[in-house]
Structure formats: C-alpha cells, structure tokens
Amino acid sequence: MVPSLLPFTLLTFTPMNFTDELVQWYLQNKRDLPWRNTTDAYVIWLSEIILQQTRVEQGLPYFYRFVEKYPDVSSFAAAAEDEVLKLWQGLGYYSRGRNMLKTARLVQEQYHGKFPQSYDELIKLKGIGEYTAAAIASFSANEAKAVVDGNVYRVLARYFGIDEPINSTGGKKTFQTLANNLLNKKNPALHNQAMMEFGAMLCKPKNPACGICPVHTGCAAFLSNATTFLPVKLKTVKVRERFFNYFLVTNDDAVLMNKRGDKDIWANMYDLPLVETDSLLPLNELPGLPRVQEIFGPGLTISSDAVPVQKHILTHQRLYIRLIKTTPKPVKLEENWFYSTIENLQNLALPKAVFILIKNIFNL
DNA sequence: AACTCGGGGGA
DNA sequence: TCCCCAGAGTT
C-alpha cells in the first residue's frame, strides 16, 4: 500500500489504531529524560534498575550520581559493595545495588565489559527480569520485545477492559501476550517508551486525564466509567510490626556500629547494636531482658533522654524504632560490631531510618 | 503461588 | 491511611 496514492479524504478519515495514537501522543508530550538520549546498553541498564518500583523524580538524582561515578562497566565492576550501597543509600530495595555489582563484574569478565543488548542474554543477568530485559533490548538495539511495567498493565487493563488481576500468574501472562501482539515491530523502542509515558503522564492511577485522552473513544474503561476499578490487583498480605531498640554506645570519638547480615531488611548495610522485641517495652524493662544483660552485663542504666520512638513504614513492615543511650560499655562485642569514628560514618551505607535516628546526634 | 525487599508522594 | 511507583529474587 502506497499512502501517497490514496485519496486525501480516505487518509484523513482512516483512524489510527490504538498504539499509533499513543506514539503520536508521546512524540508531542514526552518528558526530556536523560536515559532517552542514549543507546548505550550500560547506561540504559543503570536507569532501568534504578527506576524499578521507583518514581522518575526520585530516581533521577541517583541516575546522575551513578553515571558520573561509574561511567562504564569496568569502573562499576571495580567498585566495592560498601561503596555501591553508600551511593544507593536512601533509594530502597538495596538488593538492586548488590545485584548490579554482581552483574557489572560478570559483564566485565564474561563479556569483556561490553554490556549485552539481546533479551536472551540480558534475562540471564542478576537483577534483570522480563521487564528490564525487554526495556534494555528494545531501547539499546530496537529488539522487538514488549515491556510490561505498572504503566502498561494499567493502560491495557483499562483500554481493553481486562479485569484479570495483574499480579496473578494468569494475569501476567495475559497482559504480556497482549503487549507482545500490540508491539510495533518496526520501532519497538518508540512503542515501548510511548506505552509507559502515556501510563505515567495521562492514564494515571488516580484521576486519569480522560478528557484529553486521544484514545478514550475506544477505551473500555472510559466507556463504562470503570477507570477507577481497573486494573485489578490481588490484595497484598498483612504488615508485620517490629520493635527495634538501638543502643548508642560511644567510645571517645567513635560509635559502636553493626554490619547487618544478608537475610533481613537492609542486607549488608550498617546500623547500631540492636535488640529487637516483640512489643513496645517500657524503657525500664529493657535492662531485664536476657539479651540486654548478655550484651551489657547486669546493672545497665538507661539515660532518661532516650530518643522517642519513631515509626517507619516499609512495604511489609511497620518499624517502631528508638535510640537508647547507655552508660556502661558492652561486656562483649559481637561478630559484626565495630567502633567507627564519626568521620567514617559518612562512608557507611545507612538505612534511612537509622540515618534519621543518628544524624542529629553526630551532625551528619 | 505467596512472600520479601524501601522509601516517597499523591489523594 | 491507602495505593502506587519504568520489578525481581526467594521460598
């Protein structure tokens, strides 16, 4: 079909299909984001990992910092884990940072520092799942793989009126298949960007801008006034409550710190000596705990000016945290405890909650 | 298939 | 408060 030979009127009244409309909308409304100006798979990888479950505005400053500090795979591969986690501090989901280091080192070794561009190679790497593999492959090499992120789920669920839960096994398959079928094989990168940007900017979770939507006349959710109910998501599990009693132990110009293990939250990051309880104990009951006596011996006195309990909300946990100032030193130091100078604290990756807890005390 | 892993922003 | 964010790994 040669468009220029078609009668003008026919062209004019030939409706664009759904995805063409979104691409058209995208070209006129897209944000200027730094990772859209490159096809460097390494840089795109950086951006995609940072943006997992993270808003663009929140991830942007981290993206700039990582690109500057690690401009290529080899510089990233040469980093220490503590350094990466420190740079990641405050962004959350810290396994992303740890997995990035593993992947950077593997790419450096096995791919001689050249970041893979094909979906099949990418999907093997730590921290890269279906979405991220499709994103890197399409954006760096225009490979025909459809991305399905939170935005795409929402756009497809609404436009096609799909009420299958997006976080069920069947639902994921349904939406991935639909996205694959819709994909513009001629320009996968542009198509993928358009789908996501449209979901992020116009077809928003709350108060979508249906009034200015280019495809609302074909949107099942709009036509049945059901945008509020789509997409459907299965209920998440309950939130666990935890009570953290941190102990502030100083020694001249040093403070006793702990390096966390790799199982719980904040893996491999740093906090203070911790005694966790299953309820919020009154301060004066703490010295009676076996665990506390094990650490401090008998006769622990607790200063009355303990920092009040602070509440920290995580996805699956509500943390009640307080900082306790003690007089006696611990009778024994545990495996992962060490004294850090105040100066050195700025080199340690601290969870946000811990950072807040001690920043005023040490002027961090 | 369910659970775990952060932190922030909007309504 | 609740929900969501350019999801992935583990159990």
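Order of the sequence lines fixes the chain letters, A, B, ..., with proteins taken first and strands second; residue numbering starts at 1 for each chain.
- Among B/dA1, B/dG6, C/dT10, the nucleotide with an atom closest to any side-chain atom of A/Thr169 is B/dA1.
- Rounded to an integer number of Å, the gap from A/Glu48 CD to C/dA6 C1' is 5 Å.
- The interatomic distance linking A/Met100 (CE) with B/dC5 (P) rounds to 21 Å, in whole Å.
- Comparing B/dG6, B/dG7, B/dT4 by their closest approach to the side chain of A/Lys352 singles out B/dG7.
- Taking side-chain N and O atoms only, A/Tyr94 has a distance below 4.0 Å to OP1 or OP2 of B/dG7.
- Across all strands shown, A/Glu130 has heavy atoms under 4.0 Å from sugar-phosphate atoms exclusively, and none from any base.
- Note on A/Asp264: only backbone sugar-phosphate atoms sit closer than 4.0 angstrom, heavy atoms only; bases stay farther off.
- Nucleic acid contact for A/Lys235: sugar-phosphate only, since backbone atoms but no base atoms lie under 4.0 Å from a heavy atom of the residue.
- Judged by distance alone, with hydrogens and angles left aside, the side-chain atoms of A/Thr103 form a donor-acceptor pair with the main-chain N or O of A/Lys126 at under 3.5 Å.
- At the phosphate of B/dC5, OP1 or OP2 sits under 4.0 Å from a side-chain N or O atom of A/Gln317.
- Where A/Lys311 and A/Met196 meet DNA chain C, the nucleotide closest to each residue was compared, and A/Lys311 sits on the side nearer the 5' end.
- Between A/Trp266 and B/dG7 there is a side-chain N or O to OP1 or OP2 distance below 4.0 Å.
- Among the protein residues, A/Gly90 comes within range of the sugar-phosphate backbone only, with heavy atoms under 4.0 Å from sugar or phosphate atoms but none that close to a base.
- Out of C/dA6, B/dG7, C/dG7, the shortest distance to the side chain of A/Gln58 is found at B/dG7.
- When each of A/His316 and A/Ala353 is assigned the nucleotide of DNA chain B bearing its nearest heavy atom, the one mapping closer to the 5' terminus is A/His316.
- Ring orientation note: the planes of A/Trp266 and A/Phe244 are nearly perpendicular, at an angle over 60° on the 30°/60° scale.
- Taking atom NZ on A/Lys233 and atom C1' on B/dA2, their separation rounds to 15 Å, with Å as the unit.
- With P as the reference atom, B/dG6 and C/dT10 are 14 Å apart, rounded to whole Å.
- Panel note: side chain A/Gln176, backbone A/Ala146; a donor-acceptor pair is recorded below 3.5 Å.
- Separation of the P atoms belonging to C/dA6 and B/dA11 is 14 Å when rounded to the nearest angstrom.
- In summary, the aromatic rings of A/Phe247 and A/Trp337 are positioned with their centroids too far apart to meet the 6.0 Å limit.
- Closest approach to the A/Arg154 side chain among B/dG7, C/dC5, C/dA6 is made by C/dC5 (side chain taken as heavy atoms from C-beta onward).
- One finds a side-chain N or O of A/Gln53 lying less than 4.0 angstrom from the OP1 or OP2 phosphate oxygen of C/dG7.
- B/dG6: no Watson-Crick or G-U partner with both key distances under 3.5 Å is found in any strand.
- Looking at A/Asn336, its side chain never comes within 3.5 Å of a backbone N or O of A/Arg260 through a donor-acceptor pair.
- For A/Thr132, counting side-chain heavy atoms from C-beta on, the closest listed nucleotide (B/dG6, C/dG7, B/dC5) is C/dG7.
- Among the heavy atoms of the strands, none lies under 4.0 Å from A/Ile49.
- Nearest-nucleotide mapping onto DNA chain C: of A/Pro205 and A/Gly150, the residue sitting toward the 5' end is A/Pro205.
- One cannot find a donor-acceptor pair under 3.5 Å joining the base of C/dG9 and the side-chain atoms of A/Ser95.
- Residue contacts for A/Gly129: at a heavy-atom cut-off of 4.0 Å it reaches the sugar-phosphate backbone alone, with no base atom in range.
- Rounded to an integer number of Å, the gap from NE2 of A/His312 to C1' of B/dG8 is 13 Å.
- Taking atom CZ of residue A/Arg318 and atom C1' of nucleotide C/dT1, one finds them 10 Å apart after rounding to whole Å.
- In this entry the distance linking CZ of A/Arg98 with P of C/dG7 reads 19 Å, nearest Å.
- Closest to the side chain of A/Val56, from the set C/dA6, C/dG9, C/dA8, is C/dA6.
- Not one side-chain nitrogen or oxygen of A/Arg55 sits closer than 4.0 Å to the OP1 or OP2 atom of B/dG7.
- Atom CD1 in A/Ile321 sits roughly 9 Å away from atom P in B/dG7 (whole-Å rounding).
- Atom P of nucleotide B/dT4 and atom NZ of A/Lys263 are separated by 14 Å, given to the nearest angstrom.
- Closest contact between the side chain of A/Lys206 and the listed nucleotides B/dG6, C/dG9, B/dA11 involves B/dA11.
- With hydrogens and angles disregarded, no donor-acceptor distance shorter than 3.5 Å links the side chain of A/Arg242 to the backbone of A/Leu319.
- For the pair A/Lys204 and A/Leu234, both in contact range of DNA chain B, the more 5′-proximal nearest nucleotide belongs to A/Leu234.
- Proximity of A/Phe160 to A/Leu182: side-chain heavy atoms (C-beta onward) are separated by under 4.5 Å at one or more points.
- At least one side-chain nitrogen or oxygen of A/Lys126 sits closer than 4.0 Å to the OP1 or OP2 atom of C/dT10.
- If you check C/dA6, B/dG7, B/dC5 against the side chain of A/Leu33, the one that comes closest is C/dA6.
- Counting heavy atoms from C-beta outward, A/Ile162 and A/Pro231 have side chains that stay 4.5 Å or more apart.
- In this structure, A/Trp35 reaches the bases: a heavy-atom distance under 4.0 Å links it to at least one base atom across the strands shown.
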